[in-house]
Engineer: 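Sharing a structure below in structure tokens format, with a few things to ask.
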Amino acid sequence: MTIDYRDDADITVVTPDGSAVDPGDVVLSVAGRTHDLLRAERPALNMLGHLSGIASLTRTWVDTIDGTGARIRDTRKTTPGMRKLEKYAVRCGGGINHRMSLSDAALVKDNHVIAAGGVAAAFDAVRSSFPGVDVEVEVDSLEQLDEVLDAGADLVLLDNFTPDQMREAVRRTSGRAQLEASGGLSLDVAAEVAGTGVDYLAVGALTHSAPVLDIGADLRQES
């Protein structure tokens, strides 16, 4: 079935991206052929509700850690084909993006560490092959943290560290690298984790588990 959309629809944004809304608020209006409006209604609402849900959940996390100095970041757990849109929604909610693709930054994870024979060896292999790309290294112990700091890492992901371990990691790092908390994070512990002194909280749920914001469309006839 071929859907014939005209390109003369008039879209007016009433509420700018990133704004807080209440039930009943109008976010945008569209004027056009009724046939086109009814056909586009459901996919447009699905997309808008999904992205608004991501922005809303991100804002909840951001507000929860307000005043700590830490930032909320998304992860690579995005919907195929929608990465740019979902990461934009995170920014609208006050969060920041981790990376858009491997061209922006490399992430050395546990499987890479095993394959390379050690966390420092894995970091060195990536840094030497791609000297112009930022490299983040995932560590699961304070001993591994010491290794990558000595190797020159400037961004370290603390995987499933307890708050006490994070505080010790911040002490050992002493400003030599930025630290990102990841794994097992929830809103219940977000403020405590952010208060340990880490720079970022990586939250995969922002994009893979955000509830949809219920947005509706009401057709109105102009006189």
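Nothing here was measured: the structure is a model prediction, and the numbers come from that model. Heavy atoms only: backbone and side chains are in, while hydrogens, waters and symmetry mates are out.
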Engineer: Any pair with a residue in residues 122-136 that passes side-chain hydrogen bond (donor to acceptor under 3.5 Å, both in side chains), sequence neighbours left out, goes on the list, sorted by first then second residue, please.
Structural biologist: H98-E136
Engineer: The test is side chain to side chain contact (heavy atoms under 4.5 Å, CB included); show your working for L179 and T196 and say whether it passes.
Structural biologist: CA-CA 11 Å; L179 299 177; T196 64; over 6 Å; no
Engineer: Take atom CG of D150 as the centre, draw a 6.0 Å sphere, and report whether it contains more than 12 heavy atoms from other residues, nucleotides or ligands.
Structural biologist: yes
Engineer: Among L157, I72, I96, L158, which residue meets the side-chain contact (heavy atoms from CB on, under 4.5 Å) test with Y200?
Structural biologist: I96
Engineer: Can you tell me if NZ on K109 sees more than 12 non-hydrogen neighbours from other groups inside 6.0 Å?
Structural biologist: yes
Engineer: Check whether any side-chain N or O of K87 sits under 3.5 Å from a backbone N or O of R76 as a donor-acceptor pair, and report yes or no.
Structural biologist: no
Engineer: Going by the side-chain contact (heavy atoms from CB on, under 4.5 Å) test, name the single residue among L206, N97, T79, D74 that passes it with E86.
Structural biologist: T79
Engineer: For side chain to side chain contact (heavy atoms under 4.5 Å, CB included), just list the numbers for V126 and H112, CA-CA rounded to whole Å, side-chain angles, deciding distance to a tenth of an Å, and then say yes or no.
Structural biologist: CA-CA 10 Å; V126 177; H112 306 138; over 6 Å; no
Engineer: Measure across G204 and H208 and return the closest heavy-atom pair with its distance rounded to 0.1 Å.
Structural biologist: O-CD2, 3.0 Å
Engineer: Quick check for you: to the nearest 0.5 Å, what is the distance between R73 atom CZ and T58 atom OG1?
Structural biologist: 13.5 Å
Engineer: May I have the step-by-step check of side chain to side chain contact (heavy atoms under 4.5 Å, CB included) for V90 and I54, ending in yes or no?
Structural biologist: CA-CA 6 Å; V90 168; I54 291 174; 3.7 Å; yes
Engineer: Counting only N and O atoms by type, is there a donor-acceptor contact under 3.5 Å from the side chain of S52 to the main-chain atoms of G49?
Structural biologist: no
Engineer: Are the side chain of D25 and the backbone N or O of D22 linked by a donor-acceptor pair below 3.5 Å?
Structural biologist: yes
Engineer: Does any part of the side chain of V119, heavy atoms only, come nearer than 4.5 Å to the side chain of V108, both counted from C-beta?
Structural biologist: no
Engineer: State whether the number of non-hydrogen atoms from other residues, nucleotides or ligands found under 6.0 Å of M100 atom CE is greater than 12.
Structural biologist: yes
Engineer: Are side-chain heavy atoms of T15 and V26 found at a separation under 4.5 Å?
Structural biologist: no
Engineer: Write down the atom of A153, the atom of V137, and the distance for their closest heavy-atom approach.
Structural biologist: CB-CG2, 4.3 Å
